[in-house]
Amino acid sequence: MNSSSKRKNDDDSGSSTGPKKSFRGHWSQGLLQSMSDPALLVEKDEKIVIIKDKYPKAKYHFLVLPQECIPDLKSLNSSHLKLLKYMHKKGENLAAQYPSSEFRFGYHAIPSMSQIHLHVISQDFNSPCLKTKKHWNSFTTSYFIDSDMLIQQLKEEGNVKSLSEANGKQLLSEPLKCP
DNA sequence: GTTCTAGAAC
DNA sequence: GTTCTAGAAC
């Protein structure tokens, strides 16, 4: 049998104009799309949007994103301090609605998706979407940068020194550790 | 970010 | 035999 069922989803701008990669709708931009997805929306104001993580790694897992376009942590400077604190505060307010759960607030050192996003995640890690070692390590090692720490660093250094790609990979492939 | 899978490792 | 890992996805 000829199994010609090749996957050809990923990104496709609708018209297959050629072999060139179309970065419109590329998976790394998916967060920007999710920001305006009513099914995921939790809260929204003029500064930020809060959505449910599409693949929650715990019972409660939200993302706080700025309306302002900030691609990554390297783009941050002192002028963003107020915004980051606001994002953290909104995250805390949301987490307060689930008093029986413990939460952490933080950023991934090397996220795959564009647009900075603050993870608001309960610490049960009870979810069918938490499948791999990488998933676990990304929330339990120093790959997860607490919002407090990030804000403090930005305040003191004026920018955020990011992990090298190699260090990040190393953290994600560390042996699993019991919390 | 996810899914799928071949090959390595156990 | 099962588990783990790294790489491709047109």
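Note that the structure is predicted; figures quoted are calculated from it, not measured. Just the heavy atoms: all of them, side chains too, but no hydrogens, waters or symmetry mates, feed the values below.
Under the ring-ring contact (aromatic ring centres under 6.0 Å, His included) criterion, the residue pairs touching residues 73-92 of chain A are H88(A)-F105(A), with sequence neighbours excluded. Within the structure, ring-ring contact (aromatic ring centres under 6.0 Å, His included) contacts touching residues 135-154 of chain A (residues at least two apart or in different chains) are H61(A)-F139(A), H108(A)-F139(A), H108(A)-Y143(A), H119(A)-F139(A), F125(A)-W136(A), F139(A)-F144(A).
Atoms CD1 and CG, from I70(A) and L76(A) in turn, are 5.5 Å apart once rounded to the nearest 0.5 Å.
Protein atom NZ of K54(A) is 11 Å distant from nucleotide atom P of dT3(B), rounded to whole Å. Following rounding to the nearest Å, F139(A) (CZ) and dG1(B) (C1') show an atom-to-atom distance of 11 Å. Atom pair L130(A):CG and dT3(B):P shows a separation of 13 Å (rounding to whole Å applied). Atom CG in D53(A) sits roughly 8 Å away from atom P in dT2(B) (whole-Å rounding). Atom CD in Q33(A) sits about 17 Å away from atom P in dG1(B), given to the nearest Å. Remark: C1' of dA8(C) and NE2 of H26(A) are 12 Å apart, rounded to the nearest angstrom. Distance, L172(A) CG to dT2(B) C1': 15 Å, rounded to whole Å.
Between dT2(B) and H135(A), a contact under 4.0 Å exists linking OP1 or OP2 to a side-chain N or O. Close to dT2(B), at under 4.0 Å from its OP1 or OP2, lies a side-chain N or O of K57(A).
By the criterion of a centre-to-centre distance under 5.5 Å and near-parallel planes under 30°, the ring of W27(A) forms a stack with the base of dG1(B).
Residues passing the ring-ring contact (aromatic ring centres under 6.0 Å, His included) test with Y60(A) are Y98(A), sequence neighbours excluded.
In this structure, the side chain of E156(A) does not engage the main chain of L154(A) through any donor-acceptor pair within 3.5 Å. Listed for the E174(A) side chain is no donor-acceptor partner under 3.5 Å among the backbone atoms of K133(A).
Stem analysis of DNA chain B (Watson-Crick or G-U pairs, both distances under 3.5 Å, runs of at least three) returns B:2-10 with C:1-9.
Residues S75(A) and D72(A) bring a donor and an acceptor atom of their side chains to less than 3.5 Å of each other.
Shown are D146(A), D148(A), D124(A); of these, the salt bridge (Lys or Arg N to Asp or Glu O under 4.0 Å) with R104(A) is made only by D146(A).
Residue Y55(A) belongs to no hydrophobic cluster, having no ILVMFWY side-chain heavy atom closer than 4.5 Å to its own.
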For nucleotides 4-6 of chain C, tabulate all protein N/O to nucleotide N/O atom pairs closer than 3.5 Å, reporting atom names and distance.
| unit_1 | atom_1 | unit_2 | atom_2 | d |
| --- | --- | --- | --- | --- |
| dT5(C) | OP1 | K133(A) | NZ | 2.9 |

